[in-house]
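These notes concern the structure reproduced below.
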Amino acid sequence: MKKILLISFFSLIFNNAHADSHAQTTEQATSPQPNAENSADSADNKNSAEPATRSMPNSKQETELEIAAYLKNSLTQVIKLTALEQEFNLYYLAADVKEPLGSLLFFPDERLHSDTLVSLNPLRVGLTRYQWQTAVLTLPQTTLPAIPQRSEYKEDTEEPESTTDTSTAAVEDNAEAKTETDPEAKDKDADAPDTAAQDTSTEEPPIAVKTLAEISLARAQASIKLLTEKSDAVIIAGIGQGATWAAAFAVTIPVADKENYRLLLINPLQSTDVSAPKLTQMLGDIKIDTFDIYTPHNPNLSIGINPALARKRAANLSEIEQYIQIKASALTWGRQGNSWLLKKVRGVLKKYVEKPLMIAKEKKTKPKTVRKKNQKPGA
């Protein structure tokens, strides 16, 4: 009896499964298939649709905007200036005294922002405690050299010389025969206006794009005009690749103003911008006192000429009266080296800059002694 019940149970299950599969096949057969033409049209529409234009993000500009918003809640003043019809921010921090000794104008490293916590921020904040006002320029994005395009592979489809020569000769013969039989063709060609010349004459000249070299010099001049309202002494300081632009501005300082300017190079590096001049070559044209804080050349890590030695040789051949190099450890260019760098820069300013400035200031404030005229005896 149990066997009979089991057999009947399994037979029912088998019949139901067979019926379901048969129903599915019939539904698939009767259901309308998608039209091939519609699918092809949709594919053509997707291919014919123009690709959306993608705007490259300017990460440097966005970072500077964030820094400006952050510094508004601090003692640093975000001053907006204009140079070459472009608006830029100047991060200005006043000295702790009413009459500062001078100003330090920093050119930041192109690879970093204008308030990086390594080297730049400790100097611009720390030196204000020693009667110096500081300011940091903001520069636009660096323009790197264009990557050369790859050459496309072309198959060798040249025909034998004999066939090409005969074909060109036949074309020339036909052209000569046509001009001989149709004398009006020459007149038409002579009277035809030069369309190429007309098209080029109506085109507007391209808009000249300012280079980073022009922008940095213009912004430095606008910044110094503001800084010299309280003190004539200015230290032009360049950090990393910013040393290239600091040196480029120092070249423009005339000999008559060299007593009020000094150049400070901190870990100087060559700029990677396409318009950047060579840092070593510019040192031969600088006339103001220059101080170079550098890391000694390690031949095991880098190949080529010693950059610090090249700068020293160029300075020795220039009209710089005082060029001093200060060695710094490689650990200086990290957060643990910030305190050492501040002390070293402070020592350089105190020894080589502040003393001459104090002497000149005393001469200006000291009253002039009136010489007595020689009088006759008994008068």
Side-chain angles (χ1 to χ4, degrees), residues 57-143 210-246 248-250 261 263-264 266 271 273 335 338 341-342 345-346 349:
N58 192 341
S59 58
K60 187 178 181 63
Q61 184 179 5
E62 294 175 356
T63 304
E64 295 296 344
L65 292 175
E66 293 176 359
I67 294 171
Y70 171 76
L71 292 178
K72 286 182 178 179
N73 299 323
S74 64
L75 296 176
T76 302
Q77 300 179 28
V78 181
I79 302 175
K80 293 188 178 297
L81 299 176
T82 304
L84 296 178
E85 299 180 355
Q86 296 178 359
E87 192 178 64
F88 68 97
N89 291 334
L90 182 73
Y91 302 151
Y92 171 78
L93 188 58
D96 290 349
V97 293
K98 186 177 181 179
E99 296 182 359
L101 291 173
S103 309
L104 276 98
L105 179 62
F106 287 97
F107 288 78
D109 197 325
E110 300 170 8
R111 302 163 297 177
L112 305 172
H113 56 77
S114 300
D115 195 34
T116 178
L117 298 178
V118 178
S119 303
L120 180 54
N121 179 275
L123 288 177
R124 78 169 191 86
V125 175
L127 291 173
T128 57
R129 300 194 296 266
Y130 301 99
Q131 304 181 24
W132 289 92
Q133 60 180 358
T134 63
V136 184
L137 277 175
T138 55
L139 296 176
Q141 186 75 32
T142 304
T143 304
K210 300 298 182 181
T211 61
L212 185 55
E214 297 172 336
I215 293 173
S216 63
L217 294 179
R219 293 187 179 185
Q221 292 174 355
S223 302
I224 287 178
K225 185 178 180 181
L226 174 68
L227 296 175
T228 51
E229 292 178 357
K230 292 187 176 181
S231 177
D232 295 333
V234 178
I235 309 296
I236 305 166
I239 298 179
Q241 294 184 3
T244 302
W245 306 115
F249 181 76
Y261 289 89
L263 178 61
L264 177 61
I266 302 172
S271 172
D273 189 81
R335 288 199 178 188
N338 286 337
L341 181 61
L342 177 59
V345 173
R346 164 64 183 151
L349 296 179

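Positions are given from 1 along the sequence.
Listed by chain and number, the residues in a side chain to side chain contact (heavy atoms under 4.5 Å, CB included) with Q86 are I215, R219 (sequence neighbours excluded). In this view, S103 and Q133 satisfy the side chain to side chain donor-acceptor pair (under 3.5 Å) rule, not counting sequence neighbours. Partners of T116 by side chain to side chain contact (heavy atoms under 4.5 Å, CB included), not counting sequence neighbours, listed by chain and number: L112, H113, V118, L120. Here Y261 pairs with I224, V234, I236, I253, D257, I288 under the side chain to side chain contact (heavy atoms under 4.5 Å, CB included) rule; sequence neighbours left out. Not counting sequence neighbours, T228 has no partner by the side chain to side chain donor-acceptor pair (under 3.5 Å) test. Looking at residues two or more places apart in sequence or on another chain, you find no side chain to side chain donor-acceptor pair (under 3.5 Å) involving T244. With sequence neighbours left out, E99 forms a salt bridge (charged side-chain N to carboxylate O under 4.0 Å, His left out) with K361. Listed by chain and number, the residues in a side chain to side chain contact (heavy atoms under 4.5 Å, CB included) with Q131 are V97, L101 (sequence neighbours excluded). With sequence neighbours excluded, no residue forms a salt bridge (charged side-chain N to carboxylate O under 4.0 Å, His left out) with R129. Shown here are the side chain to side chain donor-acceptor pair (under 3.5 Å) partners of S216, two or more places apart in sequence or in another chain: there are none.
Sorted by first and then second residue, the side-chain hydrogen bond (donor to acceptor under 3.5 Å, both in side chains) pairs involving residues 231-241 (not counting sequence neighbours) form an empty list.
Of the inter-residue distances, the one linking I266 atom CD1 with I239 atom CD1 reads 4.5 Å to the nearest 0.5 angstrom. Residue Q61 holds its CD atom at 10.0 Å from OG1 of T63, rounded to the nearest 0.5 Å. In this structure, L71 CG and E64 CD are separated by 9.5 Å, a value rounded to the nearest 0.5 Å. Taken to the nearest 0.5 Å, the CD1 atom of I67 stands 9.5 Å off from the OG1 atom of T138. For the atom pair OH of Y91 and CG of L137, the computed distance is 10.5 Å after rounding to the nearest 0.5 Å. Rounding to the nearest 0.5 angstrom, the gap separating the OG1 atom in T211 from the CG atom in L217 is 8.5 Å.
You'll find the side chain of L349 reaches within 4.5 Å of the side chain of I235, heavy atoms only. Contact check for K60 versus P140: no side-chain heavy atoms found under the 4.5 Å cut-off. Proximity of Y92 to L227: side-chain heavy atoms (C-beta onward) are separated by under 4.5 Å at one or more points. Using a 4.5 Å cut-off on side-chain heavy atoms (C-beta onward), T134 and L123 make no contact. For the pair V136 and D115, the minimum side-chain heavy-atom distance is 4.5 Å or more. Side-chain contact between S223 and F88: present, with at least one pair of heavy atoms (C-beta onward) separated by less than 4.5 Å.
With hydrogens and angles disregarded, no donor-acceptor distance shorter than 3.5 Å links the side chain of N338 to the backbone of P122. T142 places no side-chain N or O within donor-acceptor distance of the main-chain N or O of D273, the cut-off being under 3.5 Å.
Nearest heavy-atom pair, A237 versus A246, reported as atom, atom and distance to 0.1 Å: C-CB, 4.1 Å. Residues W132 and Y130 approach most closely at CD1-O, 2.9 Å, considering heavy atoms. Closest of all the heavy-atom pairs between G242 and F107 is O-CB, 3.4 Å. Closest approach of L90 and A135 over heavy atoms only: CD1-CB, 3.9 Å.
A 6.0 Å sphere centred on CD of E85 holds no more than 12 heavy atoms belonging to other residues, nucleotides or ligands.
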Solution key, residues 75-84 side-chain donor-acceptor pairs under 3.5 Å, sequence neighbours excluded:
residue: T76; atom: OG1; partner: R124; partner atom: NH1; Å: 3.0
residue: T76; atom: OG1; partner: R124; partner atom: NH2; Å: 3.2
residue: K80; atom: NZ; partner: N89; partner atom: OD1; Å: 3.0

